[in-house]
Amino acid sequence: MKTTVQTVKGVREFYPETMSLRNYLYEKVRSASRSFGYQEWDGPFIETIDLYAAKSGEELVKKQSFVFEDRGGDLVTLRPELTPSLARMIAAKQGQLTFPVRWWSFGPFWRYEQPQKGRTREFFQWNIDMVGADSPEADAEMIAIAATFLRSVGLDPTRVSIFVNDRSLMTSQFDRLDVSVEKRVDASNLIDRRSKMKPDAWEAYGLEMGLSQRQIDGLKQVLEDYNLWKQSDNLQRVFAALDALGVREYIKFDPAVMRGLLYYTSTVFEAFDLTGSVRRSILGGGRYDNLLEDVGGDSLPATGFAMGDVVIGIVLQEAGLVPDFEPSPAQVLVTVFDKNLWVQSLSLASELRQAGLNVMVYPEPVKLPKQFKFADKMKMRVAMVLGPDEVEKDLVVVKNLGTGDQLQVKREAVLESIKGILKNA
RNA sequence: GCGGAUGUAGCUCAAUGGCAGAGCACCUGACUGUGGCUCAGGUGGUUGUGGGUUCGAGACCCAUCAUCCGCCCCA
């Protein structure tokens with residue numbers, strides 16, 4: 001094996017085939033976002049560490065960020081998330097923006113973590129947020145956008161679900177069970193881990209963090225109560241809106257959905273693949289009404305979610321929903337017969353391009369079998385030959401690579417002939 | 001940060017401690033103006049790297065690097 005310089009750990013290289021999946025995701029994300037009227041935006045890819053110190057989790061800032069010193073001696077961070085940049089940008093133009101702001105973005109992020117299935121150190125993430133509206137119906141809109149996206153990539157409700165909960169509902173349950181304010185985070189953590197642990201171990205873990213047996217039993221009851229949402233006005237309105245938005249079949253209430261982020265205040269949700277091998281969430285988000293105030297802006301309610309490209313990519317692959325890769329953007333190859341006739345091929349190609357076709361000219365006057373083989377591998381649809389016989393009579397051979405049929409066509413009729421072939425197959 | 005597995009041809013993988021192989025891909029020819037299909041032939045290796053054990057190591061031992069999988073964490 002040749003020695004090559006290795007890539008940085010946890011990054012991916014986008015060969016054309018994977019690049020096309022990335023672009024496909026971008027297109028679907030873009031159209032789902034735009035169909036609800038969201039504007040595209042982006043923040044800087046590098047930020048100061050201070051931006052994240054304000055509100056992001058400690059783990060994220062201290063352990064999972066790429067931080068380094070620039071040439072001027074300042075500490076800079078490759079952005080691990082977008083929300084703090086969003087909050088700052090909105091706060092900076094608070095007086096000039098038209099609220100509610102509906103913004104979406106799809107860009108690269110970096111987190112220094114251990115790479116494994118569904119997790120890389122460099123990834124792309126769709127962020128979409130609405131700032132300045134505090135209704136449950138706004139939360140429902142975010143969830144509906146997520147469902148619209150999932151539907152648009154061919155994932156139906158038998159395959160994926162969006163699990164919805166309300167943090168404030170859980171807080172009221174904690175209060176009912178006399179879980180102290182200090183223990184709420186622990187209790188949330190415990191709930192989060194329910195699906196990952198065996199029942200005995202889960203209970204032992206709960207006792208260990210200082211909850212009583214009565215509280216643990218109470219939590220168990222809460223987690224099994226799939227009608228609990230009826231006690232929440234917020235969730236009742238969210239679900240009613242989702243019904244009207246036509247995506248109710250994607251939605252399930254799940255009291256176990258908590259989300260790790262501390263800044264969520266009420267509605268929270270996460271989408272999962274129900275049948276595949278990835279147990280990580282496809283996307284997740286919720287309402288975060290205090291964040292803008294926390295980073296120094298005016299108090300503004302906000303709701304939104306994020307989706308990384310890695311998990312959804314695996315899910316689509318496993319579901320057989322990755323669109324066929326088209327190796328060449330050109331559908332037409334103009335072969336080069338020999339050195340002398342080369343210019344004939346070049347000028348024909350140029351004419352066809354001016355007529356709007358994507359056209360490739362073989363870059364060497366090698367023998368025709370090799371050129372045809374190339375066209376075949378690149379899955380091109382039409383090949384053209386300009387040999388001595390054709391050039392003499394002002395003709396061009398137009399070959400349909402799908403059927404193998406070929407015709408000698410008058411030079412001025414070539415465009416029509418090609419269009420006919422492209423239209424049919 | 002912790003644990004498990006795996007590194008052999010471009011790719012997917014074989015090889016009881018005893019000649020490093022197959023399929024696919026690639027190249028050539030059958031087919032000197034035409035791809036796919038078929039057939040025949042061919043190129044391709046410091047077995048991740050460094051040490052050790054052994055008459056002999058792809059295999060066993062140690063180290064190291066990388067990748068994958070899990071834990072932690074998940075914004």
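In what follows, chains are A, B, ... by sequence order, proteins preceding strands, each numbered from 1. All values below were derived from every heavy atom in this structure, side-chain atoms included, with hydrogens, water molecules and symmetry-related copies excluded.
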Please verify the inter-ring angle class for [X] with [Y]; under 30° counts as parallel, over 60° as perpendicular, anything in between as tilted.
X         : Y         : result
Phe239(A) : Trp229(A) : perpendicular
Phe305(A) : Phe269(A) : perpendicular
Phe253(A) : Tyr226(A) : perpendicular

Name the pairing partner of [N], where a pair is Watson-Crick or G-U wobble with both distances under 3.5 Å, or state none.
N      : result
U32(B) : none
U6(B)  : A66(B)
C71(B) : G1(B)
G41(B) : C27(B)
C60(B) : G52(B)
G21(B) : C13(B)

Without decimals, in angstroms, what is the distance between [X] [atom1] and [N] [atom2]?
X         : N      : atom1 : atom2 : value
Phe372(A) : G36(B) : CZ    : P     : 11 Å
Met197(A) : C73(B) : CE    : P     : 10 Å
Arg121(A) : G1(B)  : CZ    : C1'   : 12 Å
Glu270(A) : C73(B) : CD    : C1'   : 14 Å
Glu81(A)  : C73(B) : CD    : P     : 18 Å
Lys367(A) : C27(B) : NZ    : P     : 10 Å
Arg12(A)  : A66(B) : CZ    : P     : 20 Å
Tyr112(A) : G1(B)  : OH    : C1'   : 11 Å

Exercise for review: Nearest-nucleotide wise, let me know which of Pro115(A) and Gln406(A) is further upstream toward the 5' end of RNA chain B.
Suggested key: Gln406(A)
**Study point:** Along RNA chain B (nearest heavy atom to each residue), the more 5'-positioned of Gln116(A) and Gly284(A)
**Key:**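 Checking each residue's closest nucleotide, the 5'-ward one belongs to Gln116(A).
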In terms of side-chain geometry, is the basic nitrogen of [X] or [Y] positioned less than 4.0 Å from the acidic oxygen of its partner?
X         : Y         : answer
Asp192(A) : Arg194(A) : no
Glu364(A) : Lys370(A) : no
Arg88(A)  : Glu47(A)  : yes

Check your understanding: So, is Arg193(A) close to the C72(B) phosphate, meaning a side-chain N or O under 4.0 Å from OP1 or OP2?
Key -> yes
Review point. Under 4.0 Å between a side-chain N/O of Lys373(A) and OP1 or OP2 of U34(B), yes or no?
Key: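 Checking Lys373(A) against U34(B): no side-chain N or O falls below 4.0 Å of OP1 or OP2.
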Exercise for review: Would you mind classifying the nucleic acid contact of Gly402(A) as base, sugar-phosphate or nothing, using non-hydrogen atoms under 4.0 angstrom?
Suggested key: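 Base contact - Gly402(A) has a heavy atom under 4.0 Å of at least one base atom.
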Practice item. Name the nucleic acid region contacted by Phe337(A), choosing base, sugar-phosphate or nothing; use a 4.0 angstrom heavy-atom cut-off, strictly under. Key: base
Looking at [options], which one has an atom nearest to any side-chain atom of [X]?
X         : options                : value
Arg280(A) : C73(B), G33(B), G36(B) : C73(B)
Lys9(A)   : U67(B), C2(B), G29(B)  : U67(B)
Gln114(A) : G1(B), U34(B), C73(B)  : G1(B)

**Study point:** Face-on cation placement of Arg193(A) at Tyr205(A) ring, 6.0 Å and 45° thresholds
**Key:** yes
Between the base of [N] and the side chain of [X], is one N or O donor paired with an acceptor at under 3.5 angstrom?
X         : N      : result
Gln371(A) : U34(B) : no
Lys117(A) : G70(B) : no
Arg119(A) : C73(B) : yes
Asp376(A) : G35(B) : yes
Glu390(A) : G33(B) : yes

Say you pick atom [atom1] in [N] and the same atom in [M]; how far apart are they, in whole Å?
N      : M      : atom1 : value
A5(B)  : G10(B) : C1'   : 25 Å
U12(B) : C69(B) : P     : 14 Å
C19(B) : G58(B) : C1'   : 14 Å
A63(B) : U16(B) : C1'   : 28 Å
G21(B) : G45(B) : C1'   : 11 Å
C24(B) : G18(B) : C1'   : 30 Å
G44(B) : A59(B) : C1'   : 24 Å
G42(B) : G50(B) : C1'   : 36 Å

Practice item. From the options Thr303(A), Asn234(A), Asp166(A), select the one residue that forms a side chain to side chain donor-acceptor pair (under 3.5 Å) with Thr267(A). Key: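 Exactly one candidate clears the test, Asn234(A).
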